[in-house]
Each structure stands twice: as C-alpha cells, then as structure tokens.
K.L.:
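Got a structure here, written out as structure tokens. Questions coming.
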There are 2 protein chains.
Amino acid sequence: MKILIVDDEINIRNVVKEYAEHEGFKADEAGDGMEAVTMAKAQDYDLIIMDVMMPRLDGFSACKEIRKTKDTPIIILSARDDEYDQQHGFDLGIDDYVTKPFSPPLLMARVKAVVSRRNSSRTNVTEPMTFEGLEINMSGREVYVDGKRANMTPKEYDLLFYLVKNRNIALTRDKLLEEVWGYDFFGDDRTVDTHIKMLRNSLGEYRKFIVTLRGMGYKFEA
Amino acid sequence: MKILIVDDEINIRNVVKEYAEHEGFKADEAGDGMEAVTMAKAQDYDLIIMDVMMPRLDGFSACKEIRKTKDTPIIILSARDDEYDQQHGFDLGIDDYVTKPFSPPLLMARVKAVVSRRNSSRTNVTEPMTFEGLEINMSGREVYVDGKRANMTPKEYDLLFYLVKNRNIALTRDKLLEEVWGYDFFGDDRTVDTHIKMLRNSLGEYRKFIVTLRGMGYKFEA
DNA sequence: CGATCACCATGAAGATTCTGATTGTCGATG
DNA sequence: CATCGACAATCAGAATCTTCATGGTGATCG
C-alpha cells in the first residue's frame with residue numbers, strides 16, 4: 001500500500017506521513033501540484049492525499065490532470081469548507097475530502113475507508129450473490145426475488161447490502177445506524193425497525209434471512 | 001466505558017455528562033486542566049472530552065501532559081474555529097475536535113465514532129470457539145449444544161459470552177452484575193443465580209463448564 | 001404530488017426480576 | 001464421625017418490565 005502526500009507545507013507532510021507509516025502505508029511526498037502530477041503518472045499509488053492551495057498548480061487542477069491517465073483514489077485537503085466546491089468534487093471523482101485543520105487520526109480513518117471501499121468494490125464487483133431464490137447484485141444495485149426484480153428504496157438497498165456484507169454477524173441497531181445512516185445521524189433506534197420491516201416486505205418469503213436478535217439487533221443469516 | 005469530561009463551566013459538564021450516561025458511559029468530571037491531568041493519569045479512561053479555555057491549565061497543555069504517560073483518545077472542545085490551532089492538534093494526537101457551541105447529539109456521535117474506531121482495530125469479529133460439544137459463536141450470537149442450536153434469551157447470551165471471554169477467571173456476582181447488567185443496575189445478587197440457572201438449563205450436559213465458587217461467584221472452566 | 005423517510009403509539013410476545021421456599025455445603029462440636 | 005447450625009446456592013413461578021412489529025402521521029425533497 002503506497003500513498004502520495006501532496007502539500008506545500010512540509011510540517012503537514014511530515015505529520016501525515018508519520019501517521020500513514022504507522023498505519024503500514026509507504027508514503028511519498030510532493031510539494032506542489034506539478035510534482036504531484038509527475039509522480040502520480042509515473043507510479044501506481046493506492047491513494048493520493050492532496051492539498052488544494054499550492055504554488056504552481058493547485059490541487060483541483062492537479063487532480064484533473066492525473067485523472068486523464070489514472071483513477072487513483074484521491075482525498076482532498078481543503079482549508080475551509082467553502083473552498084471545496086461540490087462541482088469540482090463530482091467532476092473529478094474525488095473520493096473524500098477533509099477540511100483543515102484536521103486531526104491525523106480522523107484523516108487516517110478516512111484513508112482506510114477509501115482504500116477499503118476501492119478494494120472491496122474491486123473484489124465484489126461482478127460477483128452477484130445468491131441465497132436460494134434471492135439474488136443480490138451489489139455493484140449493479142439490483143436485487144431479484146425469485147427472478148423478479150425487486151424495486152426497493154435507497155435505504156432498503158443500503159441496509160440490505162450492509163447486512164449481507166456482514167452476514168452471519170450480529171449487528172446492533174446502533175451499529176447499523178452508524179454504518180448505514182452515518183455517524184452524524186441522531187435518530188431513533190426504532191427507525192431501524194421500520195426499515196427492517198419494509199425490507200422484509202420487499203424480500204417476500206426470503207424475509208427469513210433477516211433474523212431478529214431480541215435485545216440486540218438484527219442479522220442476515222445465510 | 002468510562003470517560004472524563006473536562007470543562008470549567010459546570011453547566012456544560014452536566015449536560016455532557018447526562019448525555020454520556022444516557023449512552024451508557026460512566027462519566028467523571030474535572031473543572032480545569034490540572035485536575036484533568038491528575039485524574040487521567042490515575043485512571044484508564046476510554047475517552048477524554050477536553051475544553052480548551054480553562055483556568056490554571058488550558059486544554060492543550062493538559063493533553064500534552066497526559067500524553068506523556070497515556071494515549072487515551074481525546075476530543076477537544078474549542079470555543080472558536082481558530083482557537084483550534086493545527087500545530088497543537090498535530091502534535092498532541094487529538095482524535096477529533098468539536099467547536100462550541102455544539103449540539104450534544106453531535107458530540108455523542110463523535111464520541112462513539114472515536115471509541116469504536118479505537119476498538120474496531122482490536123476487537124473485531126471473533127472466531128467461534130468449541131468446548132467439547134459446546135460451540136460458541138459470539139459474532140453470530142449463536143450457541144450450539146451437540147450441534148443443535150440453543151435458543152437463549154439476551155441475558156443468557158450476554159452472560160455466557162462474558163463468562164467465556166473471561167474463562168478460568170473467578171467472577172463475583174457484583175462483577176457480573178456490573179459487566180453484564182451494567183453499572184447502573186441496582187438489583188439483587190440472586191438475579192445472577194437465576195440467570196445462571198437458566199443458562200445451565202440451556203447448556204444441557206455442558207452445564208458442567210459453569211462452576212460455582214462458593215462464597216464468591218462463578219467461573220467458566222474449560 | 002408522490003416517494004421516501006423519521007418518528008411515534010400501541011399491544012402482544014417475550015424476558016427479567018423478585019420472593020420465598022428448598023436444597024446444598026461446610027465447619028464446628030459433642 | 002454423625003449431627004447441627006449457619007449460611008450460600010438453587011429453584012419455580014408470578015408480577016413486572018422490555019422489546020419489537022406494525023400501522024399511521026407528518027416532514028422533506030425532488
């Protein structure tokens with residue numbers, strides 16, 4: 001696992017590098033956008049952490065240039081919220097962004113998330129799963145019940161996919177809320193129940209795979 | 001799970017404490033940095049929530065001092081964005097920071113994220129264990145007795161899993177009540193006995209693994 | 001405006017706790 | 001070494017409390 005750290009401030013590069021190496025990554029550094037483009041094209045990095053404000057070539061322009069030849073995952077570091085323009089993010093296929101000032105552990109959490117997302121989407125792609133008459137195609141975001149396409153809501157897909165990814169593992173409502181709804185969701189536990197109910201309806205007879213663990217949460221049991 | 005709340009304003013401490021306890025944390029309080037350092041060094045907290053502006057010793061200096069002996073996760077509460085100085089954050093290994101004014105649920109979300117981030121790197125999915133004909137799968141919340149699925153109540157699972165996690169260790173009823181029932185359970189000692197009884201029934205012949213320690217408590221003996 | 005979602009109230013199913021009676025254990029003692 | 005007393009553990013079941021599925025409501029958003 002090799003990452004490229006791009007920032008004009010050497011202090012930041014050093015700190016990030018230290019944390020990254022501590023997490024078992026190898027880390028190269030670049031001091032501006034031009035350098036970053038050259039290095040990113042010459043090598044296959046698993047991830048690039050890129051500052052926005054830099055001399056010679058800014059972070060967004062560097063991304064655009066890199067994207068012409070590579071689709072290396074990129075995390076953007078931007079100094080203020082409004083510096084990160086959504087338009088840019090969408091166009092350039094930015095994987096995540098972190099606003100400065102940031103805490104290194106937080107950044108590392110994002111790094112690991114992006115890397116594992118890429119990896120899992122690579123291995124899981126083209127591998128629809130079948131549980132009896134229930135076919136689940138995560139990459140295509142399709143679910144078939146006895147061969148018939150199930151039309152589900154976004155949350156149902158998210159919930160089902162998370163359950164299936166962690167099948168045979170007991171999941172608390174809190175865990176589900178955190179992972180499916182997001183850590184910044186301040187909602188009610190019962191919300192999970194409601195969506196489980198709707199998901200079960202969508203799954204017809206295959207609702208049986210979704211097991212209630214009383215006093216605990218739920219589990220997809222295959 | 002025990003956290004330390006550090007702030008000079010008692011109102012803030014109270015609010016945070018209330019929320020934290022609602023989430024199942026135990027919470028101690030400190031009114032300034034000096035106090036915080038003393039307490040954090042004396043005990044192993046799972047997390048420290050630390051204000052920046054405080055009399056006697058400010059939050060950052062307190063972190064620095066604590067970091068000399070412990071690497072307890074720390075969340076910083078800072079009054080304004082610019083009060084959180086990058087230098088500080090980097091040097092001190094702050095896990096996250098929240099700017100005042102904050103909403104308690106947001107803070108709690110961050111707290112849970114930090115704690116679970118720390119834990120997930122360690123305590124992940126546990127492999128199923130077998131003791132003769134008794135199979136225990138904690139992640140799946142499944143127990144098999146001679147290959148037959150045992151259908152148990154939540155407390156039975158919790159109790160059994162805690163006993164097994166601490167197998168060959170003598171556990172008092174008080175310890176079990178605190179760890180399995182929760183620190184806020186003010187019930188009778190006999191409650192443990194009752195659940196031990198039901199657990200033994202569920203385990204059939206493998207009840208023999210649960211040993212009574214007269215005048216003491218119980219032990220899972222493998 | 002329709003789809004989706006979060007949240008709430010409800011009641012039934014299920015789990016937990018407590019009580020008090022019973023049984024078991026162990027050391028002291030005649 | 002048999003017995004007793006004191007205390008600890010076990011047990012059954014009734015009362016109480018919790019939890020979850022469900023259906024409905026209102027908010028939100030495209």
Side-chain angles (χ1 to χ4, degrees), chain A residues 86 90 141 143 150-163 170-205 207-221, chain B residues 22 24 103 105-106 109 141 143 150-163 170-182 184-204 207-221:
Chain A
Q86 262 191 7
F90 285 142
R141 222 177 155 74
V143 173
N151 209 11
M152 312 203 294
T153 68
K155 265 287 176 298
E156 285 177 61
Y157 284 116
D158 292 343
L159 182 56
L160 175 60
F161 292 168
Y162 186 77
L163 286 166
L171 301 164
T172 62
R173 290 182 176 73
D174 273 356
K175 180 76 179 163
L176 289 169
L177 280 176
E178 189 176 324
E179 295 290 334
V180 179
W181 275 257
Y183 77 100
D184 51 353
F185 177 80
F186 316 120
D188 199 292
D189 264 12
R190 297 272 85 70
T191 298
V192 177
D193 300 29
T194 301
H195 286 271
I196 287 281
K197 173 193 133 202
M198 298 191 292
L199 180 54
R200 279 172 168 159
N201 284 342
S202 298
L203 297 187
E205 65 167 304
R207 57 166 54 228
K208 67 182 177 188
F209 290 124
I210 297 176
V211 180
T212 303
L213 304 168
R214 184 158 246 266
M216 227 262 164
Y218 297 94
K219 179 173 69 160
F220 189 96
E221 193 168 274
Chain B
H22 189 253
S103 79
L106 174 87
R141 221 159 210 262
V143 172
N151 211 9
M152 311 202 294
T153 69
K155 268 284 177 304
E156 286 177 62
Y157 284 117
D158 292 344
L159 183 57
L160 175 60
F161 292 169
Y162 186 77
L163 286 167
L171 300 163
T172 63
R173 288 180 179 72
D174 275 355
K175 179 75 179 162
L176 288 169
L177 279 176
E178 189 176 327
E179 295 291 334
V180 179
W181 274 256
D184 51 353
F185 179 82
F186 301 109
D188 201 293
D189 263 13
R190 296 300 106 224
T191 300
V192 177
D193 299 30
T194 299
H195 285 271
I196 287 282
K197 175 195 113 197
M198 297 192 292
L199 180 53
R200 279 174 168 156
N201 284 343
S202 297
L203 297 188
R207 57 166 55 227
K208 67 183 177 187
F209 290 125
I210 296 175
V211 180
T212 304
L213 303 167
R214 179 156 247 266
M216 233 268 164
Y218 297 94
K219 181 171 67 161
F220 189 96
E221 195 166 86

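Here is how names work: the chains are called A, B, and so on, in the same order as the sequence lines, proteins then strands, and each is numbered from 1.
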K.L.:
If I take atom CZ in residue B:Arg214 and atom C1' in nucleotide D:dC7, what distance separates them, rounded to the nearest angstrom?
P.N.:
7 Å
K.L.:
Under a 3.5 Å distance rule, please check whether B:Arg200 uses its side chain to pair with a backbone N or O of B:Ile210 as donor and acceptor.
P.N.:
yes
K.L.:
How long is the span from the CZ atom in B:Phe209 to the CG atom in B:Leu199, to the nearest 0.5 Å?
P.N.:
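It comes to 12.5 Å.
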K.L.:
Please name the residue in the list A:Asp189, A:Asp193, A:Thr191 that meets the side chain to side chain donor-acceptor pair (under 3.5 Å) test with A:Arg173.
P.N.:
A:Asp193
K.L.:
How many angstroms lie between atom CG of A:Leu203 and atom CE of A:Met198, to the nearest 0.5 angstrom?
P.N.:
12.0 Å
K.L.:
May I have the distance from B:Asp189 (atom CG) to D:dT10 (atom P), rounded to whole angstrom?
P.N.:
12 Å
K.L.:
How long is the gap from CG on B:Leu177 to CZ on B:Phe186, to the nearest 0.5 Å?
P.N.:
11.0 Å
K.L.:
Strictly under 4.0 angstrom, non-hydrogen atoms only: write out the protein contact profile of nucleotides 11-17 of chain D, one letter per nucleotide from the 5' end, B, S or -.
P.N.:
SB-----
K.L.:
Do A:Leu213 and B:Tyr157 have side chains that approach each other closer than 4.5 Å (heavy atoms only, starting at C-beta)?
P.N.:
no
K.L.:
Can you tell if the side chain of A:Val180 reaches within under 4.5 Å of the side chain of A:Leu163, non-hydrogen atoms only?
P.N.:
no
K.L.:
Check this one for me: any side-chain N or O of B:Thr212 less than 4.0 Å away from OP1 or OP2 of D:dA8?
P.N.:
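Result: no.
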K.L.:
Step by step, work out the salt bridge (charged side-chain N to carboxylate O under 4.0 Å, His left out) result for B:Lys155 and B:Asp158.
P.N.:
CA-CA 5 Å; B:Lys155 268 284 177 304; B:Asp158 292 344; 5.0 Å; no
K.L.:
Would you indicate, yes or no, if D:dA8 has its OP1 or OP2 atom less than 4.0 angstrom from a side-chain nitrogen or oxygen of B:Tyr218?
P.N.:
no
K.L.:
When the distance from CZ of A:Phe185 to P of D:dT28 is rounded to whole Å, what number comes out?
P.N.:
14 Å
K.L.:
Strictly below 4.0 Å: does A:Arg173 bring a side-chain N or O up to OP1 or OP2 of D:dC20?
P.N.:
yes
K.L.:
With a 4.0 Å cut-off on heavy atoms, is B:Met152 in touch with a base, just the backbone sugar-phosphate, or nothing at all?
P.N.:
nothing
K.L.:
Measure from NE2 on B:His195 to P on D:dA9 and round the result to the nearest Å.
P.N.:
17 Å
K.L.:
Between which nucleotides of DNA chain C, read 5' to 3', does contact with chain B run, using atoms under 4.0 Å from its heavy atoms?
P.N.:
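Listing 5' to 3', DNA chain C meets chain B from C:dA15 to C:dC26.
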K.L.:
Quick check: do A:Asn201 and A:Arg207 have side-chain heavy atoms less than 4.5 Å from each other?
P.N.:
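Answer yes - side chains close enough.
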K.L.:
Could you tell me the separation between the CE atom of A:Met216 and the C1' atom of D:dT18, rounded to a whole number of Å?
P.N.:
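Nearest whole value for this atom pair: 16 Å.
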K.L.:
Rounded to whole angstroms, how far apart are CG on A:Leu213 and P on D:dA21?
P.N.:
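From A:Leu213 CG to D:dA21 P: 10 Å.
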